[in-house]
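The block underneath contains the structure these notes are about, expressed in structure tokens.
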Amino acid sequence: MKRLEVIKSSFTTAPGRPWLLVAGLSGAVAFGAQAQTQPGRGRARGTIQDAEIEIVKDRVNTLPEATRNFEKIRLAPPPKPTRQVTYTYPDFRLPATRLNPSVQVLTVAQEELEPLTGNYLKLGLGNYGSVYGRAHLHSTRNEQYSYGLDVRHNSSASGPVDGKNSGASLTSAAATGEYYQGTTALGGALDFARDTYHFYGYDRTKLIDAPDADAIKQTFTRFGARAYARNRATDAALQYEVGLGYQYFGDHYGVSENNLLLNAKGGYALSETSRLTLDAQGSFISDKQPLITRTRNFFQATPAYELTGKTGLSLTLGATLGYSSDALYGVGKGMINPAVRVGYAVVPEKFQLYAGLGGAIQRVTRYNLSQENPWLAPGQTLADTHAGPTVYAGFTSTPVSGLELAARATFGRSCNLYFYRNALADTSKFDLVYDSTTINVVNVHAEALYSASEKVRVGFKADYNHYGVKPLMQAYGRPAFLGTLYGTYNVFDKLLLGANFYYYSPNYGASYPPLQFSRFPLFQELYCALKPLARPTRLST
């Protein structure tokens, strides 16, 4: 057997492809076999001799690990050229004749204050020769002082009953002024009024001739003066106002009243939500009649603690202490009532509820009664009204823009509450009468106001009153229902049109049986002096 040795060659095969080596070897063997059988070599063609092929693979070619360089080639920056720059500053000047600068300074426009007019005038004419006039003469906006004068006149030359006998005249003037010194304001006020009325409520069917106008005339003269000082710094912790005043009243029948007035208000802020308050008044009256002089003293003070919560809840806790020297029907001179109020804003600035418990002494003066009922007979006995305790509750609401609603209900107990009943001696005049016991008083108040674009204002007020009188047969001279409807229309800045309508429910007066003592005039005079058992008569107003 002939052995074929294959020389080890330096090659490598690709991994996973051994068939390349086998194919190469097969080709070599075939090529060798073909060469051995070529003609002329002395061997038979197509015969394959026995041979042994040994493939030896024991060499591995190993290549050294190559070294790679990852650093970037850095090129040196080119050198900076050194160059010196020369600057020149030429001065350019323009001829002054060609320069016309226009500078506009931009500023924030300040909010303009609303115009404040100091003068106001009203004039009117009516039936029965009526003349109406009202004038306001006031200063405009000023940081040092303010002053004003208000003059009114309303008169009727005649009336529906016997011409001049039912005429009336009302004239008044009031002057006010304030002087500002830092955070303090010093002020004063003067007022004067003179009113003329006639007692025309007589029964014309029982008289042959109408009485003379001067014989039934009544005149009132009122004068008042007041000086005060107050703090006008709204952010100060202490707020105060103290005042001293004087009022005079006199009528055609020689009745006069001199009244010295004192008042003080104060508040001290303990924090942003709480403060202490005080409200006090004093009145010292010298009441003079042709045959008697009487002194009437009055003082009242209400200290309280006020708390305003951030949740819309407000609370007032206090007490009202009052004193009146008037002693009528056994009523005590002193009086103490609670001053409690609770409020809650259900919807802030939209709907608020409140309720409270209170009461106070109400000062009664001839100065005020002459304006409430000018046909009051002279020489009446006056007494202060003790009202309390009183319970009240109500709400205020602004449901939509321009509409305001309010309602309140009050229930209280009153002593020495006065009523107007026809006088026995002259039914054209009225006497003050009092219920000798404590009576229940109920009041229901409702109010609505609508404003549209500062052009149209329409409002309505209504009050229902109930007086639980006992010895008196009726609540004389006090109607149960009072209603007011008013409206204004601003035509333009200088013209305002308005109208007011009033409604009073029928109330009660008194009628007396005719006297039959013409033969005994002395007994007739005594009868007129006695307190009568009057028969109530329903009156319409």
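Only a predicted model underlies this, so the values are computations on that prediction, with no experimental measurement involved.
- A side-chain donor-acceptor contact under 3.5 Å links Ser505 to the backbone of Phe481.
- Under the side chain to side chain contact (heavy atoms under 4.5 Å, CB included) rule, Lys265 has a single partner from Leu278, Val242, Thr277, Asp279, which is Asp279.
- At a cut-off of 3.5 Å, with distance as the only test, a side-chain donor of Arg222 or Ser370 sits close to an acceptor on the other residue.
- A salt bridge links Arg296 with Asp326: the closest approach of a Lys/Arg side-chain nitrogen to an acidic carboxylate oxygen falls below 4.0 angstrom.
- A donor-acceptor pair is defined here as one N or O able to donate and one able to accept, closer than 3.5 Å; no such pair exists between the side chain of Asp191 and the backbone of Ala174.
- No more than 12 heavy atoms of other residues, nucleotides or ligands shown are found within 6.0 angstrom of OH on Tyr268.
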_What verdict does the side-chain hydrogen bond (donor to acceptor under 3.5 Å, both in side chains) test give for Thr221 and Arg194, after you've listed the backbone C-alpha separation in whole Å, the side-chain angles of each residue and the deciding distance to 0.1 Å?_
CA-CA 5 Å; Thr221 301; Arg194 183 172 179 83; 2.9 Å; yes
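- Between Arg230 and Glu178 a salt bridge is recorded (basic side-chain N to carboxylate O distance below 4.0 Å).
- Between Lys461 and Asp463 there is no salt bridge, since none of the side-chain N atoms of the basic residue sits less than 4.0 Å from a carboxylate O of the acidic one.
- Using a distance-only test at 3.5 Å, with no hydrogens or angles considered, no donor-acceptor pair links the side chain of Asp287 to the main chain of Glu257.
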*For side-chain hydrogen bond (donor to acceptor under 3.5 Å, both in side chains), just list the numbers for Asn258 and Tyr246, CA-CA rounded to whole Å, side-chain angles, deciding distance to a tenth of an Å, and then say yes or no.*
CA-CA 8 Å; Asn258 294 273; Tyr246 169 77; 2.5 Å; yes
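- Classification of the Tyr197-Phe220 ring pair by plane angle, with boundaries at 30° and 60°, yields tilted.
- Within a 6.0 Å sphere centred on CD of Gln181, heavy atoms belonging to other residues, nucleotides or ligands number 12 at most.
- The pair Asp251-Arg366 fails the salt-bridge criterion, with no side-chain N (NZ, NE, NH1 or NH2) lying under 4.0 Å from an Asp/Glu carboxylate O.
- The aromatic ring centroids of Phe419 and Tyr434 lie 6.0 Å or more from each other.
- When each of Phe351, Tyr354, Tyr344 is tested with Phe395 by the rule ring-ring contact (aromatic ring centres under 6.0 Å, His included), just one qualifies, namely Phe351.
- The structure places NE2 of His252 at 10.0 Å from OG1 of Thr196, a figure rounded to the nearest 0.5 Å.
- Proximity of a side-chain donor or acceptor of Ser166 to a complementary backbone N or O of Gly159 within less than 3.5 Å is detected.
- In this structure, a donor-acceptor pair under 3.5 Å is present between the side chains of Thr302 and Thr320.
- Residues Arg226 and Glu241 are paired through a salt bridge, judged by an N-O separation under 4.0 Å between the basic side chain and the carboxylate.
- More than 12 heavy-atom neighbours from other residues, nucleotides or ligands sit within 6.0 angstrom of OH on Tyr240.
- No donor-acceptor contact under 3.5 angstrom links the side chains of Ser169 and Ser155, judged on distance only.
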*For side-chain hydrogen bond (donor to acceptor under 3.5 Å, both in side chains), just list the numbers for Asn368 and Thr365, CA-CA rounded to whole Å, side-chain angles, deciding distance to a tenth of an Å, and then say yes or no.*
CA-CA 6 Å; Asn368 297 330; Thr365 64; 3.1 Å; yes
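- Counting only distance, with no hydrogens or angles, the side chain of Gln352 and the backbone of Gly394 share no donor-acceptor pair below 3.5 Å.
- With salt bridges taken as basic N to acidic carboxylate O contacts below 4.0 Å, none links Asp384 and Lys333.
- Under the 6.0 Å distance and 45° angle rule, Arg478 counts as a cation-pi partner of Tyr418.
- For the 3.5 Å distance criterion, the side chains of Asn373 and Gln371 fail to qualify, holding no donor opposite an acceptor.
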_Criterion side-chain hydrogen bond (donor to acceptor under 3.5 Å, both in side chains) on Gln474 and Tyr467, from CA distance to verdict_ = CA-CA 9 Å; Gln474 295 292 339; Tyr467 306 96; over 6 Å; no
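- The environment of CZ in Phe501 is sparse: at most 12 heavy-atom neighbours from other residues, nucleotides or ligands sit within 6.0 Å.
- Side-chain contact of Tyr180 with Ser146: a donor-acceptor pair under 3.5 Å is present, judged by distance alone.
- Formation of a donor-acceptor pair under 3.5 Å by the Gln300 side chain with backbone atoms of Ala280 is not found in this model.
- Other residues, nucleotides and ligands contribute at most 12 non-hydrogen atoms within 6.0 Å of the CD atom of Glu272.
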